[in-house]
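Data block below; observations after.
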Amino acid sequence: MTTQAATGSDFSWTAERARLDGLPGGGLNIAHEAVDRHAAGPLRDRAALRWLARDGSVHDTTYGELAAQTSRFARLLADLGVEPGETVFALLGRVPELHVAALGTFKRRAVFCPLYSAFGPEPVAQRLTLGAGAVLVTTPRLYARRVAPVRDRLPALRHVLLVGADAADVAPEVPGGVDLAVELAARPPAWEIPPTSADDVALLHFTSGTTGRPKGALHVHEAVVAHHATGRIALDLREGDVFWCTADPGWVTGMSYGVITPLSHGVTCLIDEGEFDATRWYETLAEQRVTVWYTAPTAIRMLMRAGAELAREHDLSALRLIASVGEPLNAEAVRWGAEHLGLPIRDTWWQTETGGIMIGNLAGLEVRPGAMGRPLPGVEASIGRRDEEGELRVADGVPVMADDGEGGELLLRAGWPSMFRGYLNEDERYARCFVGGWYRTGDLARRDEDGWYWFLGRGDDVIKSAGHLIGPFEVERVLMEHPAVVEAGVIGVPDEMAGQRIKAFVVLAPGVNAETAAGLPRALLGFARTRLGAVVAPKEIEVRDELPHTRSGKVMRRLLRARELGLPEGDLSTLETAT
Ligand code: PRX
């Protein structure tokens, strides 16, 4: 049995598309739906962005101003010789220039690729190389720390558009460097979006798999249909809302729901530059009168740790909906929200490849604590049965579906508008994601008899730490670059706050003397941190004489995990539920 949408029997994606404008000559472009159509109407002077800068100052950008800035950005790209279809990368924190760059890139019909600003030079270099990045928008500080050390490995990088007060001073020293603000100011605020088909690629999001290099998921302009629809159905966005998506726009949530979805609804988006701080977050919710708040389980757990007293000291009465995504949201957190924030926290499920929310505790409907929710209208989900080896069972070319209550692989019927349309330069890898018209999510879940979905774990070895998806191989590869390491195995171990924390096991090269070996875990932590950045680097390193291997010689991470957690080694298929 498969499960249809929780609500909306009269729902259709065609009708959802009709809620949008479309380009004057036909076609669909995200930037037109998110900015230009509002700038041309009654919302022109409404704040599109409200930036809470790290220094405490607050800066609004209206829809009219955002339309002008993004048009200037598109013109700049054209002047620099950036053609439609080329990729523009951004390595930025939470600043409005990120929004300008993304939407301006869409206006040029080029492809936007955000990179997470906490990445170290290695992940940055790898992604820029895979995407053959010719243009990068970043700050002088991030450039110096993350890009300059690897710049000689990036021959394709032609233009570096620098953001911030010191950009003008630094630009002459950066090959291809210019001050973005100066360049924008020199250009006219009008730009006609070139004809754009709904199937034109708009976004490239790198995500991690178990093995090999990061995967570049490609998304098209049609995705905005799903962003707009899910913004209404799952998040209840309405005119006049102040919406705060706490995710960093370097990841898919920050782009889909921090940029595109709220702007497509004409609401005001908060951009909070600072890092997590419980008191400041409550103040932000209260002072900004946030109405809809999309956040993550790790953040909720940190608020819970800060105590209910702190929540009570703030006026959260403007809040109408709280939702979360990215990792399992425990039932206790849902109830804590209801008791201390005045609203239950609505879990939602999706992933980079789905582009938008697929399953959720939808606005206005029952919340089931501990469950991810039910499929959205227009989304068909199912659970595929797995065999003893954990492989999806397929008969006559289609997955064998599990019974209600039985754990298996979460599947989605292919064809929703924000579905990824390829992995960059990896057609075969893309094709392997689909079986008999179903997209394989790689997640393990079960469905109860009422059609609610419950998360069980990942079907592969990728790690989720504080909501960030981390590929173990990317970490292992860097550790093995250290001369003292011959082999590495990287796993996620349970962590009270972050869900999982990255732990590495290494085997040392022959001839490493005892003294060096004693200091190695520490030295390796520093080595990994410098190259990978704090989020991707392991938090713990253990030296082992040997690591377990599969028959084909690969490190058996599952067995490492089983031993680490003290689980029976025999039945590895049950492991996922323990992490
Ligand atoms: O394993 C699932 C987990 O996050 C993965 C997707 O990560 P990413 O592509 O980085 O996208 C993050 C934001 C959408 C999923 O395959 N995940 C996402 N939402 C949930 C979740 N795990 C449990 N419960 C959720 N609600």
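We number each residue from 1, following the sequence as shown. Whatever order the structure lists them in is the order used to number ligands and atoms, beginning at 1.
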ask   = Does the separation of the ring centres of Tyr116 and His468 fall below 6.0 angstrom?
value = yes
query = Is it true that the NZ or CZ of Arg127 lies under 6.0 Å from the centre of Phe89's six-membered ring and within 45 degrees of the ring axis?
reply = no
query = Heavy-atom contacts under 4.0 Å between Asp347 and ligand 1: side chain, backbone, both, or neither?
reply = side chain
task = Taking only heavy atoms of Pro328 into account, list the atoms of ligand 1 that are under 4.0 Å away from them.
result = 22 (N), 23 (C), 24 (N)
Pair Glu16 + Arg19, salt bridge at N-O below 4.0 Å = yes
message = At under 4.0 Å between heavy atoms, is it the side chain or the backbone of His468 that contacts ligand 1, or both, or neither?
response = neither
inquiry  = Tell me the contacting part of Thr441 for ligand 1: side chain, backbone, both, or neither, using a 4.0 Å heavy-atom threshold, strictly below.
reply    = neither
query = Under 4.0 Å from any heavy atom of Thr352, which atoms of ligand 1 are there?
reply = 8 (P), 9 (O), 10 (O), 11 (O)
query = Is there a side-chain contact between Glu275 and Arg94, using heavy atoms and a 4.5 Å cut-off?
reply = yes
inquiry  = Geometry only, no angles: is Glu353 polar-contacting ligand 1 at N/O separations under 3.5 Å?
reply    = no
query = Do we see a donor-acceptor contact under 3.5 Å between the side chains of Thr348 and Tyr294?
reply = yes
request  = Considering heavy atoms of the protein only, find what lies nearest to atom 18 (C) of ligand 1 and give residue, atom and distance to 0.1 Å.
outcome  = Trp350 O, 3.3 Å
request  = Applying ring-ring contact (aromatic ring centres under 6.0 Å, His included), run through Trp350 and Phe420 and close with a yes or a no.
outcome  = CA-CA 12 Å; Trp350 57 289; Phe420 73 134; over 10 Å; no
ask   = Is any NZ, NE, NH1 or NH2 atom of the basic residue among Asp450 and Arg368 found under 4.0 Å from an Asp or Glu carboxylate oxygen of the other?
value = yes
ask   = Would you say Arg458 has any N or O atom under 3.5 Å from an N or O of ligand 1, going by distance alone?
value = yes
note = For Asp272 and Arg280 the tightest heavy-atom approach is OD1-NH1, 2.9 Å
task = Inspect the contact between Arg238 and Asp236 and indicate whether a charged nitrogen and a carboxylate oxygen are less than 4.0 angstrom apart.
result = yes
task = Report yes or no: do Glu327 and Thr298 form a side-chain donor-acceptor pair below 3.5 Å?
result = yes
key: Nearest non-hydrogen protein atom, atom 12 (C) of ligand 1   = Lys464 NZ, 3.7 Å
inquiry  = Side chain or backbone, does Thr253 bring an N or O within less than 3.5 Å of an N or O on ligand 1?
reply    = no
request  = Number the atoms of ligand 1 from 1 as they appear, then name those within less than 4.0 Å of a heavy atom of Thr348, with their elements.
outcome  = 19 (N), 25 (C), 26 (N)
query = How about Trp293 and Thr246: do any of their side-chain heavy atoms sit closer than 4.5 Å?
reply = yes
Top protein contact for atom 25 (C) of ligand 1, by heavy-atom distance = Glu327 O, 3.5 Å
ask   = How close does the nearest protein non-hydrogen atom get to atom 20 (C) of ligand 1, and which residue and atom is it?
value = Trp349 CD1, 3.5 Å
task = Just let me know how Phe455 lines up against ligand 1, side chain, backbone, both or neither, with a heavy-atom cut-off below 4.0 Å.
result = side chain
Nearest neighbour in protein (non-hydrogen) for atom 19 (N) of ligand 1 = Gly326 N, 3.2 Å
ask   = How far is atom 6 (C) of ligand 1 from its nearest protein heavy atom, and which residue and atom is that?
value = Gln351 CB, 3.3 Å
key: Residue Asp443 vicinity, atoms of ligand 1 by number, heavy atom under 4.0 Å   = 1 (O), 2 (C), 15 (C), 16 (O)
Any N or O of Leu469 closer than 3.5 Å to N or O of ligand 1 = no
